[in-house]
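So the structure is just underneath, and the comments pick up after that.
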Amino acid sequence: MDQSVSHFSILTAGSLSTVTLSVVVPVFNEQAVLDEFQRRLSAVLTGADVSYEVIYVDDGSTDHTPQLLQQLQAKDPRTGYVRLTRNFGKEAAMSAGLRLAGGKAVVIIDADLQDPPELIPAMISAWGSGADVVNMRRRQRSGEPWWKRTTAVTFYRLMERVSDVPIARNVGDFRLFSRRAVDALNELPERGRFMKGLFSWIGFPQVTIEYDRPGRAAGKTKWPLFKLVGLAFDGVTAFSAAPLRLATWLGLTSAGGAFAYAMFFLAKALWVGDTVQGFPTLIVSLLFLGGLQLLCIGVLGEYVARIFTETKRRPIYLIDTYRPATALARQTD
Ligand code: UDP
Ligand code: MG
């Protein structure tokens, strides 16, 4: 192949292969924390003695985040900036970052300092000892409201029971991936990207490091309850057919029950005679079965909706602006 063409294809993949570590940061309206985040992150990375790039994925922020990120990039050429055309959601933003990251290892980290950048050196050394995926497990979630902790616990329990791949409890998106793990993730073609599931689906040697998760440094959570419930639905439907199976079992059980009940009434009518009674029974069973049917159709609908999204084969995100980090070529280990 022509030299310039292959060089071009490397560039568009975002990779100037000399960089050791790419740090992917999905950001959505994080003006309150960005400066502090960049300060702590670059202090850690400079001390870590690796060549690196930081890729900020601006997930359609509507505050001053884009301007701040451009300033950060002007100050530090190891900073890359990607802006998506609108808010596509954190899963899509992470997918964009993973696609553009060129490092031999990639760390995904939240911008709100709930994932302490100071832990990155430990992640790098776990990777150095042979792990392809370094998972960070939260020991406790301080500074998070009770409803968030409760929904999180319920969600992880549910996933543990129904999911086809083990979804580690209390492990968020703060992780390190080796090059081959990132390549594997980039290979996965699905549009519905429940990343916590995909991260464990790829397999590879994984290690887990525990840490105490602090509260948000500033700003507000971007995950209100309804969005979390949506994420939970995505997770369950993407990694489990259990709800469909449950619908089948519910149908079988209620049909079985109904048959037995019908036999009982038939026998009663034959031997005792037909008394016009039992209106409450009639109405209760009618409503119960009606509700059950709607529920099962709803479950079916959730899966059909996902098939619908997948078949359209739309891209996971669209990029508005991409300015890669520029200082990489001069950096070597
Ligand atoms: N985020 C994003 N797109 C979204 C929502 C969130 O890129 O639609 C980013 C957000 O800026 C932050 C990270 O994802 O860096 C985690 O979000 P947040 O802290 O609000 O979630 P929480 O920690 O409350 O679960
Ligand atoms: Mg947070």
Side-chain angles (χ1 to χ4, degrees), residues 23-41 54-69 72 79-101 106-117 119-120 136-156 159 167 169-175 192-196 199 211-232 234-235 316-322:
V23 180
V24 168
V25 196
V27 274
F28 176 50
N29 292 345
E30 298 287 6
Q31 60 179 16
V33 288
L34 269 181
D35 278 326
E36 174 67 3
F37 173 77
Q38 168 78 8
R39 196 187 58 70
R40 271 175 61 184
L41 181 70
V54 181
I55 303 176
Y56 285 102
V57 186
D58 175 6
D59 187 15
S61 297
T62 48
D63 64 356
H64 293 298
T65 300
Q67 289 87 324
L68 279 176
L69 287 177
L72 291 184
T79 310
Y81 171 69
V82 192
R83 180 170 164 83
L84 305 185
T85 53
R86 63 172 171 84
N87 179 244
F88 279 90
K90 188 184 179 191
E91 315 295 297
M94 289 189 288
S95 302
L98 286 173
R99 172 79 56 192
L100 298 169
V106 180
V107 165
I108 299 180
I109 187 168
D110 284 1
D112 61 355
L113 292 167
Q114 284 198 283
D115 304 336
L119 298 171
I120 292 177
M136 303 301 284
R137 179 181 284 131
R138 304 150 183 186
R139 220 178 278 130
Q140 45 155 292
R141 312 161 70 106
S142 59
E144 289 192 348
W146 65 269
W147 63 265
K148 190 134 196 183
R149 274 177 308 206
T150 325
T151 47
V153 169
T154 319
F155 170 69
Y156 286 115
M159 283 310 281
I167 309 266
R169 209 184 265 197
N170 283 328
V171 180
D173 300 318
F174 185 27
R175 305 185 198 218
R193 295 187 86 73
F194 179 67
M195 298 305 271
K196 289 181 193 47
F199 293 158
Y211 74 108
D212 292 322
R213 186 161 165 92
R216 208 172 220 288
K220 274 198 302 222
T221 175
K222 310 297 177 303
W223 291 95
L225 188 57
F226 75 92
K227 246 177 148 184
L228 283 172
V229 172
L231 184 74
D234 284 344
I316 300 160
Y317 52 83
L318 286 178
I319 290 178
D320 173 73
T321 314
Y322 175 37

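Ligands are counted one by one from 1 in listed order, and the atoms in each one are counted from 1 as well.
- In summary, of the residues considered (Asp234, Asp59, Asp173), a salt bridge (charged side-chain N to carboxylate O under 4.0 Å, His left out) with Lys90 occurs for Asp173 alone.
- For ligand 1, the atoms lying closer than 4.0 Å to a non-hydrogen atom of Lys227 are 8 (O).
- Here OH of Tyr56 is found 11.0 Å from CD of Glu30. Values are rounded to the nearest 0.5 Å.
- When the side-chain contact (heavy atoms from CB on, under 4.5 Å) test is applied to Phe155, the partners found at least two apart in sequence or on another chain are Met159, Phe194, Ala232.
- In this structure, the side chains of Leu228 and Lys148 come closer than 4.5 Å at one or more pairs of heavy atoms.
- With a 4.0 Å cut-off on non-hydrogen atoms, Thr221 touches ligand 1 through its backbone as well as its side chain.
- Neither the backbone nor the side chain of Met94 comes within 4.0 Å of ligand 1, counting heavy atoms alone.
- The ligand atoms of ligand 1 that sit less than 4.0 angstrom from a heavy atom of Arg213 are 23 (O).
- Using a 4.5 Å heavy-atom threshold, the side chains of Ile109 and Pro117 count as touching.
- Under the rule for a salt bridge (Lys or Arg N to Asp or Glu O under 4.0 Å), the partners of Arg40 that lie at least two apart in sequence or sit in another chain are Glu118.
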I'd like to know whether Tyr211 forms a side-chain contact (heavy atoms from CB on, under 4.5 Å) with Asp115, so could you lay out the CA-CA distance, the side-chain angles of the two residues, the decisive distance to 0.1 Å, and finally the verdict. CA-CA 9 Å; Tyr211 74 108; Asp115 304 336; 3.5 Å; yes
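- Of all the heavy atoms of Asn29, none lies under 4.0 Å from any atom of ligand 1, so neither backbone nor side chain is involved.
- For atom 22 (P) of ligand 1, the candidate residues are Lys148, Glu30, Lys220, Lys90; the nearest heavy-atom contact is made by Lys148.
- Between Asn87 and Asn29, every side-chain heavy-atom pair lies at or beyond the 4.5 Å cut-off.
- Against a heavy-atom cut-off of under 4.0 Å, Val27 is close to the following atoms of ligand 1: 7 (O), 11 (O).
- Residues forming a side-chain contact (heavy atoms from CB on, under 4.5 Å) with Ile316 (at least two apart in sequence, or on another chain): Ala92, Ser95, Arg193.
- Nearby protein atoms of type N, O or S around the Mg ion (ligand 2) amount to 2 (distance under 2.8 Å).
- At least one N or O atom of Ala111, backbone or side chain, sits closer than 3.5 Å to an N or O atom of ligand 1.
- Residue Gln114 has at least one heavy-atom neighbour below 4.0 Å for each of these atoms of ligand 1: 19 (O), 22 (P), 23 (O).
- Residues Val25 and Phe37 form a side-chain contact, since some pair of their non-hydrogen atoms from C-beta on lies under 4.5 Å apart.
- Atoms of ligand 1 lying under 4.0 Å from at least one heavy atom of Gly89, given by number and element, are 3 (N), 8 (O).
- You'll find the side chain of Phe174 stays beyond 4.5 Å of the side chain of Asp110, heavy atoms only.
- Using 4.0 Å as the threshold, Glu91 has no heavy atom nearer than that to any atom of ligand 1.
- Interface of Asp112 with ligand 1, defined as ligand atoms under 4.0 Å from a residue heavy atom, comprises 19 (O), 23 (O).
- In the vicinity of Asp59, heavy-atom distances shorter than 4.0 Å reach the ligand 1 atoms 2 (C), 3 (N), 4 (C), 7 (O), 8 (O).
- Side-chain contact between Leu98 and Ile108 is present, with at least one heavy-atom pair separated by less than 4.5 Å.
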For Phe28 and Thr65, what are the C-alpha separation, side-chain angles and deciding distance, and is it a side-chain contact (heavy atoms from CB on, under 4.5 Å)? CA-CA 8 Å; Phe28 176 50; Thr65 300; over 6 Å; no
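- The contact set between ligand 1 and Asn87, taken as ligand atoms under 4.0 Å from a residue heavy atom, comprises 3 (N), 4 (C), 8 (O).
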